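In this text the structure is predicted, and so the values were computed from the model without any measurement.
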Amino acid sequence: MLSNSTRRWLAGLGVAGAFVAASATPAVAGGSQIKLGLYFSDTTIATNSDGKIERSRLFSSAPTVLHDVAIRYDFSDLAGKVTVGDDDPYCSNPSEYVLLCTDPFEIDVDEWGSNGIFEVELKATDKAKDGDAGTLKVTMTAAGYDPVSHDAKIRIGEGVDLAAGQEIETSAAPGKAFTAPVTVGNAGETAAKGAVAIFYNDYGLNAAKHFNNCTYVGDELRTCKFDEELPAGRTFSASMPYVLGADTYAPSSKYGEIIWMTPAEFEDFQKDVDFYQETIGEPGTDGKLALVPAAKVTSQGFQADRQPENNGTILTVNATGKNGTDLEALGTSVTGKAGATVKATFGLRNNGPATLDYNRAGSSVTYLSFDVPQGTTAVAVPENCITRNGDEWGEPGEPGQRHYFCYFDSVLKAGDSAMLDFSLRVDKVIANATGPVKINATCQCDGGFTRDLKPANDTAKVVVNAAPAGDGGQGGGDGGTLPITGSSTGLIAGIGALLLAAGFGGYVVARRRKTRFVA
């Protein structure tokens, strides 16, 4: 099966935006109106196969805790064609074509959604045939909320077995071109009527050409659709040209994953992408990328893969040479009279030359420690900052503490900065009250940059001074004791990863991070 790292194309997306697209009904709980949403993927399953495992996914317009959750799967429209089952002891069949699953435990849900509940198996019956289709009606109930429903389209397809090629390993220096094969075999006994490759490439694996049967977001390759018929027992390949980004950290290794699916399965995947308000990108203009050898398609019905476990392969690109980076701590000075609340904006900048990419590991690029200056109280704290007192950890965004430990997104491009906004109340005016800021702080957690080119600039200060006469008691940041410069490239964290799975497993939703990025 696919690793979780292959399922992040939708990570970091505004799933709250996707919630708007969901079928949702207002419900009143605790005196406030909260909307719940429910989603279940359209799914194409193969005849004579083990079927597919899918999950219901829940969304909420505001964080809430659900109790007495029940999911009802009504597959009467698919009677005799598809079975829906779950061996969970909390699932039962109140009637022949209904599966009812209940959860006796509370479920935390917010606008980013749940990772999915109640894995159910969708399987074609012996009487099902290629082209059969119907609606699976999924309904959720929870204590204190009105029911919400979602209709999923379930199709039966002719079974095929696409198989990805062998793992590839190559080397390139930052800024240099290289090629990598895109290979698929037909390991089954039935001709595959076309195939679609979905790519999850690390930052820096840039497309050197933009083909018209592939889609791209900038230079990020996302999909390629091939209409060639793939006869049983044969293997086909195309050569994909890349350029390793000039800002790639070296030495290091970059990874790409390719997942193959049938055109019908890709249609299901596309609907998932649309629901989450993401995009597969736009076609290129550099001609067609063809699989060779190949024969043209003469007809096409539904097809689905019988063995999705062999649909993925990995590309490893070893970045050669030396190309490091310098992270610099950014401090600030603020002023305010006693009783005033001032905003202190501080953080770090990547001075380059390399971009830092921890997206595949899902960890912060670095960690930052901050001590609140004497005479002040933190009254508003970013959610990506956690209270810390020795080995004791508090809650994210908890105000009123003295020591904080902050994390950031997984990618920080060369030239970009990641800033934090703390609101500090001036309880007592102390001239030049100082709070130390340190980046690349040690942490008993994953990731974190440790090989800084200039560790001497890894510390900075937040300084709170007395307000000058005529200030009126309200102070503000001066833009930082270290200026923020660079081109406005921006950073959309998490967008570069692919959810490579319509019918191959659950989505992984990235941790929500409130860091503000500037260039």
Side-chain angles (χ1 to χ4, degrees), residues 3-13 168 170-178 180 198-208 210 214-223 240-259 278-281 314-327 348-366 407-418 446-449 451 486-500 508 510-511 513 515 517 519:
S3 65
N4 282 344
S5 62
T6 66
R7 301 188 180 108
R8 278 183 265 143
W9 201 22
L10 302 183
L13 299 182
I168 308 109
T170 187
S171 299
K176 300 300 182 181
F178 66 96
I198 313 252
F199 297 83
Y200 164 34
N201 289 330
D202 284 355
Y203 176 87
L205 299 184
N206 301 325
H210 292 198
C214 301
T215 60
Y216 306 82
V217 174
D219 287 330
E220 178 194 341
L221 171 63
R222 291 202 166 180
T223 73
M240 184 68 72
Y242 290 98
V243 173
L244 188 61
D247 59 341
T248 299
Y249 194 96
S252 68
S253 294
K254 293 290 186 179
Y255 299 95
E257 296 174 67
I258 306 172
I259 304 298
E278 189 29 312
T279 176
I280 62 170
I314 296 174
L315 164 67
T316 302
V317 180
N318 297 314
T320 60
K322 291 186 177 181
N323 195 38
T325 201
D326 168 34
L327 292 186
L348 68 146
R349 180 174 57 235
N350 184 350
N351 291 329
T355 287
L356 293 180
D357 177 11
Y358 288 82
N359 190 47
R360 186 166 292 273
S363 66
S364 175
V365 292
T366 189
Y407 64 88
F408 298 89
D409 281 283
S410 299
V411 178
L412 187 61
K413 293 182 180 179
D416 281 1
S417 300
D446 295 333
F449 186 54
R451 301 182 297 275
S487 62
S488 181
T489 58
L491 176 61
I492 304 176
I495 273 294
L498 290 177
L499 166 92
L500 300 177
V508 173
R511 291 173 294 175
R513 295 183 173 120
T515 312
F517 286 87

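- Under the 3.5 Å distance criterion, the side-chain polar atoms of Thr215 are left unmatched by any main-chain donor or acceptor of Gly281.
- Between Leu315 and Ile258, every side-chain heavy-atom pair lies at or beyond the 4.5 Å cut-off.
- With rounding to the nearest 0.5 angstrom, the CG atom of Leu221 is 10.5 Å from the CG atom of Asp219.
- The closest side-chain heavy-atom distance from Asn350 to Val365 is not below 4.5 Å.
- Between Pro353 and Gly324, the shortest heavy-atom distance links the atoms CD-O, 3.0 Å.
- With contacts defined as side-chain heavy-atom distances shorter than 4.5 Å, the pair Leu244/Leu205 qualifies.
- In this structure, Leu412 and Phe449 have side chains that are not in contact, with every pair of non-hydrogen atoms separated by 4.5 Å or more.
- The shortest distance between side-chain heavy atoms of Asp202 and Asn359 does not fall below 4.5 Å.
- You'll find the side chain of Asn318 stays beyond 4.5 Å of the side chain of Pro251, heavy atoms only.
- Under the 3.5 Å distance criterion, the side-chain polar atoms of Thr223 are left unmatched by any main-chain donor or acceptor of Cys214.
- Tyr249 contributes atom OH, which lies 12.5 Å from atom OG1 of Thr355 (distance to the nearest 0.5 angstrom).
- Residue Tyr203 holds its OH atom at 3.5 Å from CG of Asp247, rounded to the nearest 0.5 Å.
- Residues passing the salt bridge (Lys or Arg N to Asp or Glu O under 4.0 Å) test with Asp357 are Lys254, sequence neighbours excluded.
- Using a 4.5 Å heavy-atom cutoff, the side chains of Phe408 and Leu348 are in contact.
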